[in-house]
Amino acid sequence: MKILVTGASGLLGLNLCLSMEGAHQIIGVYRNKLEGTPFELVKADLLEDSACSRLLDQVLPEAVIHTAADANIDSCEADPEGARRLNADLPGVLAEACRQRGVRLIHISTDAVFDGSKGEAYLEGDVPNPLGVYAQTKLEGEQAVQAANGDAVVARVNFFGWSLSGERSLSEHFFYTLNKREKCFGFTDVTFCPMHVLDLASTLMRMLESGLSGLYHVVGSEAITKYDFGVRIANKFGLDASLISPISVEESGLRAKRSHILWLSVHKLSAALKADIPGVSTGIEQFYTQYQQGYPQKLRSYQQE
Ligand SMILES: NC(=O)c1ccc[n+]([C@@H]2O[C@H](COP(=O)([O-])OP(=O)(O)OC[C@H]3O[C@@H](n4cnc5c(N)ncnc54)[C@H](OP(=O)(O)O)[C@@H]3O)[C@@H](O)[C@H]2O)c1
């Protein structure tokens, strides 16, 4: 399949492109950070007028996976208008352009559309209640995609892995901080369902191949606190877990409000794919194996000087 991936320099986009390359023809959209990748690159600022239509007509993909976004919660709070253009308006424009051309679309959204107060696993039918600009604009992006293109998949994700900069994921934060023997915080009152980015990539591909459409929770099958996640990373890498101080997110001084319990059910996804959904334990194993194989250095070699 010929697949266009937006956000190819991002944590998800880069891992997605690398893992699908070979089995599929991958074209990654980048702005200025990438070079020398084993997959094809096309340079574009997606916020330029007609950028989506131009790209689709130039590349002629069979499917698009749209990962590009402002995924930084604090930068969204600082620039709500910019966040709205990228996270809310652009997905609708892309979804419409895909519909007009009969191109399949997977749009990446977030678990953070929920406020985390349910107390049990969120289902796809539960009503979201975003707490900040990032979550609000991502929810508007979901709605714009669904209004423009009923065949699109909207995938609410949460993931971890190695990134181009080494600074994009919570797993990298714990690893690099503890590896320098420095102290850090782990939130005991924030629960999430992280999925390793390679598991996410293969799950998204299976969704595409199965012809799914509509809203799905595409997260790991285990819920874990951020503190416990840090301890699991430390233990796997033989690092000192006592350097992680267990604290409440309310004491952290972080600017934007964060949801507490982002426990999402993957039952709908599991039933649609007739498969078990991987959890965090196998994901941390993969994260460790990639490290041993020099994967972080390989990613860095694609960074434009
Ligand atoms: N990280 C998480 O744990 C998490 C959790 C839930 C949901 N998500 C969602 O997952 C998706 C991917 O997140 P991520 O962490 O991989 O993001 P990321 O690492 O911050 O990457 C964002 C990507 O978007 C690109 N981009 C931004 N503005 C653009 C523009 N105007 N034109 C073209 N490209 C543009 C960036 O390109 P440059 O490198 O050139 O800036 C970058 O490649 C997002 O939709 C995010 O909301 C992420």
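Heads up: numbering here begins at 1 and tracks the sequence. Every heavy atom of this structure was used, including side-chain atoms; hydrogens, water molecules and symmetry mates were not.
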(message) Would you compute the distance between atom CG of Leu12 and atom NE2 of His66 and round it to the nearest 0.5 angstrom?
(response) 11.5 Å
(message) Show the nearest heavy-atom pair for residues Ala155 and Leu204, with the distance to one decimal.
(response) CB-CD2, 4.1 Å
(message) Under a 3.5 Å threshold, yes or no: a donor from one side chain and an acceptor from the other, between Ser169 and Glu172?
(response) yes
(message) Please determine whether side chain to side chain donor-acceptor pair (under 3.5 Å) holds for the pair Ser259 and Asp115, giving the CA-CA distance in whole Å, both sets of side-chain angles, and the decisive distance to 0.1 Å.
(response) CA-CA 5 Å; Ser259 306; Asp115 63 15; over 6 Å; no
(request) With Pro61 as reference, evaluate Leu56, Ile26, Ile3, Ile27 under the side-chain contact (heavy atoms from CB on, under 4.5 Å) test and give the passing residue. (result) Leu56
(request) Indicate whether the side chain of Gln146 and that of Glu142 have a donor and an acceptor atom separated by less than 3.5 Å. (result) no
(request) Under the side chain to side chain donor-acceptor pair (under 3.5 Å) rule, what do Glu96 and Gln100 come out as? Steps first, then yes or no, please. (result) CA-CA 6 Å; Glu96 174 61 21; Gln100 286 170 359; 2.9 Å; yes
(request) Locate the shortest heavy-atom distance separating Leu123 from Phe114; write the atom from each residue and the value. (result) O-CZ, 3.9 Å
(request) Count the heavy atoms belonging to other residues, nucleotides or ligands that lie under 6.0 Å from CZ of Arg206, then report whether that count exceeds 12. (result) yes
(request) Count the heavy atoms belonging to other residues, nucleotides or ligands that lie under 6.0 Å from CG of Asp276, then report whether that count exceeds 12. (result) no
(request) Determine whether Leu55 and Val42 make a side-chain contact, defined as any pair of heavy atoms from C-beta on separated by less than 4.5 Å. (result) yes
(request) May I ask you to check whether over 12 heavy atoms, not counting those of Tyr302, lie within 6.0 Å of atom OH? (result) yes
(request) Quick one: pull up CG in Leu34 and OG in Ser9 and give me the separation to the nearest 0.5 Å. (result) 5.0 Å
(message) Before you tell me yes or no, could you show the steps for Cys193 and Trp263 under side-chain contact (heavy atoms from CB on, under 4.5 Å), namely the whole-Å CA-CA distance, both residues' side-chain angles and the distance that decides it to 0.1 Å?
(response) CA-CA 6 Å; Cys193 300; Trp263 175 24; 3.8 Å; yes
(message) Distance check, rounded to the nearest 0.5 Å: Cys184 atom SG versus Tyr227 atom OH?
(response) 10.0 Å
(request) Look at the side-chain heavy atoms of Ile, Leu, Val, Met, Phe, Trp and Tyr, link any pair under 4.5 Å apart, and say whether Met1 and Val64 land in one connected group. (result) no
(message) Using a 6.0 Å cut-off, check whether atom NZ of Lys2 has over 12 heavy atoms from anything other than its own residue.
(response) yes
(message) Could you check whether atom NZ of Lys268 has more than 12 heavy atoms from other residues, nucleotides or ligands sitting under 6.0 Å from it?
(response) yes
(message) Are Ile106 and Phe39 connected into the same hydrophobic cluster when the rule is that any two of I, L, V, M, F, W, Y join if their side-chain heavy atoms are below 4.5 Å apart?
(response) yes
(message) Return the CG to CZ distance between Leu239 and Phe175, rounded to the nearest 0.5 Å.
(response) 6.5 Å
(request) Kindly say whether the aromatic ring centers of Trp162 and Tyr291 come within a distance under 6.0 Å. (result) yes
(message) If you define the side chain from C-beta out and look only at heavy atoms, does anything of Thr110 sit under 4.5 Å from Val113?
(response) yes
(message) Are His196 and Phe160 an aromatic pair, judged by ring center distance below 6.0 Å?
(response) yes
(request) Check whether any side-chain heavy atom of Leu139 lies under 4.5 Å from a side-chain heavy atom of Tyr134, and answer yes or no. (result) no
(request) Compare every heavy atom of Val197 with every heavy atom of Asn15, then report the nearest pair and how far apart it is. (result) CG-CG1, 3.4 Å
(request) Run the salt-bridge test on Arg156 and Glu124 with the 4.0 Å N-O cut-off and return the result as yes or no. (result) no
(request) Compute both the distance and the angle, then confirm whether Lys226 meets the cation-pi test with Phe187: under 6.0 Å from the six-membered ring centre, within 45 degrees of the axis. (result) no
(message) When you compare the side chains of Asp70 and Asn87, does any donor N or O come within less than 3.5 Å of an acceptor on the partner?
(response) no
(request) Any chance you could lay out the salt bridge (Lys or Arg N to Asp or Glu O under 4.0 Å) test for Arg258 and Asp74, step after step, and finish with the verdict? (result) CA-CA 11 Å; Arg258 264 83 173 165; Asp74 293 315; 3.7 Å; yes
(message) I'd like to know if Leu105 and Met20 are part of one continuous hydrophobic network [Ile/Leu/Val/Met/Phe/Trp/Tyr, side-chain heavy atoms within less than 4.5 Å].
(response) no
(request) For the pair Lys118 and Asp126, evaluate salt bridge (Lys or Arg N to Asp or Glu O under 4.0 Å) and give the outcome as yes or no after the intermediate values. (result) CA-CA 9 Å; Lys118 185 177 176 186; Asp126 286 331; 2.6 Å; yes
(message) Apply side chain to side chain donor-acceptor pair (under 3.5 Å) to residues Glu140 and Thr137 and explain how you reach the verdict.
(response) CA-CA 5 Å; Glu140 289 168 17; Thr137 56; over 6 Å; no
(request) Rounded to the nearest 0.5 Å, what's the gap from CG on Leu16 to CG on Leu198? Could you check? (result) 9.5 Å
(request) Quick one: do Lys298 and Gln293 satisfy side-chain contact (heavy atoms from CB on, under 4.5 Å)? Show the steps, please. (result) CA-CA 9 Å; Lys298 179 173 131 175; Gln293 293 170 343; over 6 Å; no
(message) Give me the atom names and distance for the closest heavy-atom approach of Cys76 to Val133.
(response) O-CG1, 3.3 Å
(request) Apply side-chain contact (heavy atoms from CB on, under 4.5 Å) to Ile224 and Arg232, showing your working. (result) CA-CA 10 Å; Ile224 184 171; Arg232 299 270 286 271; 3.7 Å; yes
(request) Scan side-chain atoms only and decide if Glu62 and His24 contain a donor-acceptor pair under the 3.5 Å cut-off. (result) no
(message) For a 4.5 angstrom cut-off between non-hydrogen side-chain atoms, does Val266 reach Val218?
(response) no
(request) For Asp151 and Ser213, run side chain to side chain donor-acceptor pair (under 3.5 Å): C-alpha distance rounded to whole Å, both residues' side-chain angles, the deciding distance at 0.1 Å, then the answer. (result) CA-CA 5 Å; Asp151 290 335; Ser213 59; 5.0 Å; no
(request) Start with the C-alpha distance between Lys183 and Ile244, add both sets of side-chain angles, then the distance that settles side-chain contact (heavy atoms from CB on, under 4.5 Å), and finish with yes or no. (result) CA-CA 6 Å; Lys183 292 184 176 176; Ile244 310 173; over 6 Å; no
(request) Determine the minimum heavy-atom distance between Gly141 and Pro91, stating which atoms define it. (result) O-CB, 4.0 Å
(message) Centroid separation under 6.0 Å, is that true for the rings of Phe237 and Phe287?
(response) yes
(message) Looking at Val231, is its backbone amide N or carbonyl O close enough to the side chain of Lys236 to form a donor-acceptor pair, meaning the two atoms are under 3.5 Å apart?
(response) no
(request) Answer with yes or no whether the side chains of Asn32 and Gln304 bring together a donor and an acceptor at under 3.5 Å. (result) no
(message) Do Val157 and Leu200 have side chains that approach each other closer than 4.5 Å (heavy atoms only, starting at C-beta)?
(response) yes
(request) Kindly indicate whether the side chain of Val5, heavy atoms from C-beta on, has any atom under 4.5 Å from the side chain of Val29. (result) no
(message) I want to check something: taking the side chain as every heavy atom from C-beta on, are Ser210 and Leu273 in contact at a cut-off of under 4.5 Å?
(response) yes
(message) If you define the side chain from C-beta out and look only at heavy atoms, does anything of Thr225 sit under 4.5 Å from Val190?
(response) no
(message) With a 4.5 Å cut-off on side-chain heavy-atom distances among I, L, V, M, F, W and Y, is there a chain of contacts connecting Ile247 to Phe174?
(response) no
(request) Rounded to the nearest 0.5 Å, what's the gap from OG on Ser270 to CD1 on Ile277? Could you check? (result) 5.0 Å
(message) If you compare all heavy atoms of Val219 against all heavy atoms of Asn158, which two are closest, and at what distance to 0.1 Å?
(response) CG1-N, 3.6 Å
(request) Report yes or no: do Val103 and Leu90 belong to one cluster of Ile/Leu/Val/Met/Phe/Trp/Tyr joined by side chain heavy-atom distances under 4.5 Å? (result) yes
(request) Using atom types as modelled and distance alone, determine if a side-chain donor or acceptor of Thr191 lies under 3.5 Å from a backbone N or O of Leu262. (result) no
